[in-house]
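Worth knowing before you read on, the calculation uses all heavy atoms, side chains too, and leaves out hydrogens, waters and symmetry mates. Not measured: the values here are computed from a predicted model. In the text below, chain A, chain B and the rest are named by the order of the sequence lines, each starting its count at 1.
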Amino acid sequence: MKNGDHLFLVDGSGFIFRAFHAIPPLNRKSDGLPVNAVSGFCNMLWKLLKDARNTDVGVTPTHFAVIFDYSSKTFRNALYDQYKANRTAPPEDLIPQFGLIRHATRAFNLPCIEKEGYEADDLIATYARLAEAAGADVTIVSSDKDLMQLVTSKVSMYDSMKDKQIAIPEVIEKWGVTPDKMIDLQAMTGDSTDNVPGIPGIGPKTAAQLLEEYGDLDTLLARAEEIKQQKRRENIIANRAQALLSRELVTLKTDTPLDVPLDDLVLEAQDGPKLIAFLKAMEFTTLTRRVAEACDCDASAIDAAVVPVDWGAEAHGPDLDKGEAGGASPMSGSLAESAAEAAETLLPSASANGHEPATLAKSRAALFSGKPIDHSSYVTIRDLATLDRWIADARETGLVAFDTETTSLDAMQAELCGFSLAIADNATDPTGIAIRAAYVPLLHKAGAGDLLGGGLVDGQIPMRDALVRLKDLLEDPAILKVAQNLKYDYLVMKRHGITVQSFDDTMLMSYALDAGAGTHGMDALSERWLGHKPIAYKDVAGSGKGAQTFDMVDIDRATAYAAEDADVTLRLWHVLKPRLPAERMTAVYERLERPLVPVLAHMEERGITIDRQILARLSGDLAQGAAALEDEIYELAGERFTIGSPKQLGDILFGKMGLPGGSKTKTGQWSTSAQVLEDLAAQGIPLPRKIVDWRQLTKLKSTYTDALPGFVHPDTRRVHTSYALAATTTGRLSSSDPNLQNIPVRTAEGRKIRTAFIASPGHKLVSADYSQIELRVLAHVADIPQLKQAFADGVDIHAMTASEMFGVPVKDMPAEVRRRAKAINFGIIYGISAFGLANQLSIERSEAGDYIKRYFERFPGIRDYMDSTKAFARGNGYVETIFGRRAHYPEIKSSNPSVRAFNERAAINAPIQGSAADIIRRAMVKMEPALAESGLSAVRMLLQVHDELIFEVEDGDVERAIPVIVGVMENASMPAVSMKVPLKVDARAALNWDEAH
DNA sequence: CCCCAACCGTA
DNA sequence: GTACGGTTGGGGG
């Protein structure tokens with residue numbers, strides 16, 4: 001930047017609010033999206049850029065930037081925690097426009113600047129001073145008095161709404177002081193909007209008068225005794241410190257670290273088509289026409305940009321950070337400060353004005369409920385030209401439902417045999433949404449059973465050609481792909497070299513909205529929301545022995561089934577998408593669900609190596625051990641029987657042998673649970689112990705050592721589990737095929753199985769697990785002083801509990817005392833009952849009841865937490881984690897006392913378990929970028945076991961990787977939630993999982 | 001072939 | 001007392 005240059009700095013955040021309030025909110029897109037602030041912003045930018053010479057500014061910019069606030073928390077909060085504390089939530093209609101205005105800025109080809117921890121004003125101050133020093137002129141496009149301190153002979157402000165320049169004379173006219181005195185003036189007057197205290201009783205007039213007299217604040221404070229008016233003198237002397245603090249708060253930082261250097265703000269040429277595409281998407285017809293005229297473009301030849309209807313992601317629901325988290329949506333940008341504040345207040349849904357998210361959500365549900373599905377309209381795409389037309393249409397609307405058809409439920413083994421698409425044609429249906437769907441068969445075969453194995457059916461697009469088209473479609477960030485359980489399709493496509501970008505997943509939307517209130521599979525969602533029962537897979541491909549793979553299905557039948565899936569998915573999207581903002585669950589969906597799809601897909605794709613030799617040897621040992629036990633068992637029982645049959649075993653033990661039965665199962669059978677058998681063994685009866693041991697060995701063999709080798713992938717030679725994202729009520733993941741979240745660890749025998757999970761040659765397995773995360777979450781949510789202190793001090797939490805409860809010193813505490821306290825701590829997390837605690841500790845119910853009573857006396861906050869959680873669940877039908885995830889308990893008000901009590905315990909547990917689940921989800925989303933940033937892209941996250949992450953790390957990277965992994969995990973809640981207790985993570989590396997854990 | 005109960009592995 | 005998934009036996013069809 002040089003002498004004669006002119007830098008324009010637009011106060012984007014300030015503008016958003018002014019434009020919103022100045023322009024009537026009637027200005028809406030046809031789908032109800034409010035765009036009045038966007039409209040004002042675009043018109044103002046256009047005017048500034050193209051008509052600058054005709055305005056009072058009278059200059060043409062050479063450099064240009066639009067500056068935004070990044071977040072609600074800045075360095076000023078460290079100075080003064082009440083800074084901006086009284087800000088209220090922005091209006092509902094403004095929220096979606098924060099993101100849109102950033103989008104608009106980019107459409108204008110202008111730099112869009114923001115910086116974590118700083119306000120827009122600090123960035124503006126820094127750029128302004130730098131430019132001034134370089135000899136340039138600066139125009140700050142804003143009317144905010146906070147920026148007036150920056151005005152000099154080279155720096156002026158411009159109020160675009162009033163088309164009025166603010167230079168030194170204007171500042172003096174308005175405030176009675178020169179701009180260089182503005183800081184002191186603000187320090188004295190304070191600012192009620194920003195909650196800057198100032199000096200009570202001093203307004204702008206008095207402040208100006210005092211500054212006139214004394215010159216500056218420091219002098220005034222030094223000579224305060226001289227002030228004649230008694231009240232004023234006392235006020236100033238008494239509030240000296242407050243004035244100095246206020247001065248710090250209002251002083252803009254001119255040394256903000258800049259991510260974008262000043263010289264990079266050079267004004268780029270306008271990109272007419274890009275801007276027009278955005279303006280068309282916003283339906284700003286007048287401005288579109290003007291821009292088209294100015295750049296000599298044919299607007300009708302330019303497609304509207306894809307700006308997915310997004311009612312304001314982060315603003316709806318708690319503040320779950322800024323920035324791309326998974327990069328799924330082109331609109332999920334960073335967040336304006338006030339949007340974050342909206343989250344904090346968590347207002348109930350706004351009043352209905354006909355365009356509220358809640359209204360849209362309801363009308364969408366009504367529109368699609370029972371809207372008939374017409375299978376005859378589905379088409380089969382058999383040639384490239386038709387496929388290309390469909391893809392062009394998808395590009396036109398920016399939205400397409402996508403579904404793959406394959407030969408297997410296992411995404412790592414599945415062969416792609418076709419795919420389906422569904423597109424919404426807005427123009428052709430008065431309701432606004434008409435959906436058409438198609439199936440594209442690729443690899444369907446015929447003539448099953450003969451030695452040739454069936455040849456390819458005619459009339460299918462060659463796989464190679466189709467994949468080229470699919471890559472274009474699926475990787476295009478401007479086209480939103482909608483899928484049901486996308487992780488599956490993501491993996492199938494990834495194995496064909498295609499990485500899906502920009503997607504929504506109806507299953508995850510449903511899960512974010514309705515976890516605990518029904519399942520989230522497509523068939524269930526379709527019946528629930530569309531009133532339509534889709535064609536059953538088994539009716540198309542058969543089931544059981546008669547089942548055929550999808551590539552053998554007749555193409556017409558396949559078309560009906562597959563196209564319907566895409567159709568249903570797109571309909572579901574239209575119903576569920578508006579519910580997210582309406583129910584304030586967008587942040588949960590966009591931060592905790594959607595970004596996990598690629599993360600988990602990559603983990604599943606990587607898999608983990610198992611040593612089949614170790615497992616084979618273990619299987620042999622277990623078989624031998626079990627066989628030996630079987631002989632002894634038959635001997636002791638006096639006959640041969642099926643040991644694995646609880647019914648037969650019960651007959652032997654409690655019938656034939658006449659042993660005292662413990663408890664009965666709910667079907668009236670004698671229980672043969674481990675607990676019952678242990679009790680009998682404790683009475684000196686030999687058979688039950690043998691049964692327990694036999695069960696352990698056969699369990700380990702059948703579930704693990706025999707089964708795991710069957711999951712080794714034929715090509716990768718690794719085991720690829722599948723994680724379910726939407727299976728639990730609390731937000732936990734689940735793992736299946738195989739379940740790698742229940743690999744034994746508690747017994748020495750079981751732990752041997754873990755030695756079979758090994759690192760590749762030249763690598764180590766690194767296991768990092770949260771220490772006591774659920775108790776830490778409990779300490780946080782229930783705000784328990786002793787627990788918080790104990791975690792802050794790093795002391796043994798169970799020993800501390802025991803000490804509080806039983807008055808036993810922590811030093812040399814008997815193990816039994818600590819064990820009981822530990823059981824109580826777990827009991828609390830599980831929504832304690834005297835019955836359960838008594839069971840766990842093998843003590844009387846009354847004694848367990850006494851423990852609980854004593855516990856609540858020592859930790860009354862826990863009882864308060866439990867009571868308030870139950871009341872919340874009863875009142876709302878759900879409970880929430882610290883990140884706003886909801887777990888629904890529709891039966892919480894059941895008239896059946898045991899059902900009700902069960903739901904109450906689950907509701908108490910869910911915020912604790914669920915918050916911990918959210919924390920590790922956040923860690924997982926952040927992990928890969930964090931590793932990449934540390935040059936550790938080779939580190940591979942493989943497994944998640946609820947509070948543990950397992951990585952495969954090259955030997956040379958281990959030492960550097962561990963602190964990065966631990967850091968990400970320990971800070972995973974930040975910045976959305978600042979925990980009241982530290983999170984602690986232990987990590988270690990070894991050649992196998994047993995030693996690493 | 002399908003489903004359920006019982007049991008047991010994990011956090 | 002919370003949250004899961006897998007295996008087995010066994011009943012019904």
Side-chain angles (χ1 to χ4, degrees), chain A residues 515-516 538 542-547 641-650 663-677 691-692 695-704 706-708 710-711 721-724 727-747 749-751 753-754 769-770 772-775 778 823-841 845 848 851-852 866 879 887 889 898 901-914 916-917 920 943-948 997:
Chain A
K538 66 173 183 345
S543 66
K545 218 175 118 202
F641 65 103
T642 306
I643 305 171
S645 164
K647 184 170 149 40
Q648 291 184 36
L649 177 63
S663 56
K664 294 244 180 123
T665 67
K666 61 182 164 194
T667 52
Q669 294 275 329
W670 286 111
S671 168
T672 65
S673 69
Q675 180 67 60
V676 168
L677 298 181
I691 303 286
V692 169
R695 278 190 183 160
Q696 190 199 9
L697 300 189
T698 54
K699 168 89 171 178
L700 294 177
K701 183 168 185 291
S702 66
T703 308
Y704 304 105
D706 285 353
L708 282 171
F711 286 101
T721 185
S722 175
Y723 288 103
T728 71
T729 303
T730 55
R732 272 192 179 181
L733 305 180
S734 75
S735 158
S736 65
D737 311 297
N739 181 353
L740 295 186
Q741 290 181 324
N742 71 344
I743 302 302
V745 70
R746 285 177 188 175
T747 66
E749 279 299 304
R751 233 177 359 255
I753 292 163
R754 291 200 170 210
D769 68 298
Y770 283 106
Q772 309 280 15
I773 188 168
E774 294 193 352
L775 278 175
L778 174 69
I824 293 165
N825 277 334
F826 275 94
I828 294 296
I829 289 170
Y830 298 154
I832 205 152
S833 77
F835 179 84
L837 183 63
N839 257 346
Q840 179 68 28
L841 287 175
R845 262 237 311 264
Y851 283 2
I852 294 168
M866 290 186 165
V879 291
Y889 293 94
S898 70
F902 175 79
N903 278 273
E904 286 174 352
R905 290 193 298 271
I908 287 166
N909 171 256
I912 303 169
Q913 186 184 115
I920 198 165
L943 303 177
Q944 189 250 42
V945 191
H946 307 309
D947 66 358
E948 175 188 16
H997 183 72

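If you measure from atom NZ of K664(A) to atom P of dC7(B), you get 13 Å, rounded to the nearest angstrom. Separating the CG atom of L708(A) from the C1' atom of dT10(B) is a distance of 13 Å, rounded to the nearest angstrom. The distance from atom CZ of R746(A) to atom P of dC7(B) is 18 Å, rounded to the nearest whole Å. One interatomic measurement links the two molecules: CG of L700(A) to C1' of dG9(B), which rounds to 8 Å at whole-angstrom precision. For Q696(A) and dG6(C), the CD to C1' distance is 17 Å, given to the nearest whole Å. One can place CD1 of I753(A) at 12 Å from C1' of dC8(B), the figure rounded to the nearest angstrom. Separating the CD atom of E749(A) from the P atom of dT10(B) is a distance of 13 Å, rounded to the nearest angstrom. Separating the CG atom of N903(A) from the P atom of dG1(C) is a distance of 15 Å, rounded to the nearest angstrom.
Contact check for R695(A) versus L677(A): side-chain heavy atoms found under the 4.5 Å cut-off. Residues Y830(A) and L837(A) are not in side-chain contact: their nearest non-hydrogen atoms beyond the backbone lie 4.5 Å or more apart. Counting heavy atoms from C-beta outward, V945(A) and L740(A) have side chains that stay 4.5 Å or more apart. Counting heavy atoms from C-beta on, the side chains of V676(A) and W670(A) never come closer than 4.5 Å.
The residue S543(A) sits close only to the backbone: its heavy atoms come under 4.0 Å of sugar-phosphate atoms, none of a base. Counting non-hydrogen atoms under 4.0 angstrom, G827(A) reaches a base of the nucleic acid. No engagement by A910(A) is indicated, since no non-hydrogen atom pair under 4.0 Å with the nucleic acid exists. At a threshold of 4.0 angstrom between heavy atoms, the contacts of I743(A) are confined to the sugar-phosphate backbone, with no base atom among them. Using a 4.0 Å heavy-atom distance criterion, A848(A) is classed as making no nucleic acid contact. Within the nucleic acid shown, Q840(A) comes within 4.0 Å of at least one base atom, counting heavy atoms only. Backbone-only contact: A707(A) has heavy atoms under 4.0 Å from sugar-phosphate atoms and none from a base.
The partner of dA6(B), taking Watson-Crick or G-U wobble pairs whose two distances both stay under 3.5 Å, is dT7(C).
To the nearest 0.5 angstrom, T672(A) atom OG1 is 8.5 Å from I691(A) atom CD1. Put simply, CD on Q840(A) and OG on S833(A) are 11.0 Å apart, with the number rounded to the nearest 0.5 Å. Rounded to the nearest 0.5 Å, atoms CD1 (I908(A)) and CD1 (I829(A)) are 12.0 Å apart.
Nearest to the side chain of S702(A), among dA11(B), dG9(B), dT7(C), sits dT7(C). The nucleotide whose nearest atom lies closest to any side-chain atom of D737(A) is, among dC7(B), dG1(C), dG6(C), dG6(C). Of all nucleotides listed (dT10(B), dC1(B), dC7(B)), dC1(B) comes nearest to the side chain of K545(A). Comparing dG10(C), dG1(C), dG5(C) by their closest approach to the side chain of F835(A) singles out dG1(C). Nearest nucleotide to the side chain of N909(A), out of dC7(B), dA3(C), dA6(B): dA3(C). In the set dA11(B), dG5(C), dC7(B), the nucleotide with an atom closest to the side chain of S671(A) is dC7(B). Closest to the P744(A) side chain, of the nucleotides dC4(C), dT10(B), dC7(B), is dT10(B). Side-chain proximity of Y704(A) to dT7(C), dA3(C), dG9(B): nearest is dG9(B). Considering only side-chain atoms of F902(A), the nucleotide from dG10(C), dT10(B), dA3(C) that sits closest is dA3(C). Comparing dA11(B), dG1(C), dG10(C) by their nearest atom to the side chain of N839(A) picks out dG1(C).
Taking side-chain N and O atoms only, T667(A) has no distance below 4.0 Å to OP1 or OP2 of dG11(C). When the side-chain nitrogen and oxygen atoms of S734(A) are compared with OP1 and OP2 of dG5(C), one or more of them lie within a distance under 4.0 Å. Between R905(A) and dT2(C) there is a side-chain polar atom (N or O) within less than 4.0 angstrom of OP1 or OP2. Note on S673(A): every side-chain N or O is 4.0 Å or more away from OP1 and OP2 of dC7(B). Residue S735(A) has no polar side-chain atom (N or O) positioned under 4.0 Å from OP1 or OP2 of dT10(B). Q675(A) has no side-chain polar atom (N or O) that falls below the 4.0 Å cut-off from OP1 or OP2 of dC8(B). When the side-chain nitrogen and oxygen atoms of T703(A) are compared with OP1 and OP2 of dT8(C), none of them lie within a distance under 4.0 Å.
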*asked:* Using side chain to side chain contact (heavy atoms under 4.5 Å, CB included), reason through E774(A) and Q772(A) one step at a time and then give a plain yes or no.
replied: CA-CA 6 Å; E774(A) 294 193 352; Q772(A) 309 280 15; over 6 Å; no

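Side-chain atoms of N739(A) stay outside donor-acceptor range of the base of dG5(C), with no qualifying N/O pair under 3.5 Å. Judged by distance alone with a 3.5 Å cut-off, no donor-acceptor contact links the side chain of Q741(A) to the base of dT10(B).
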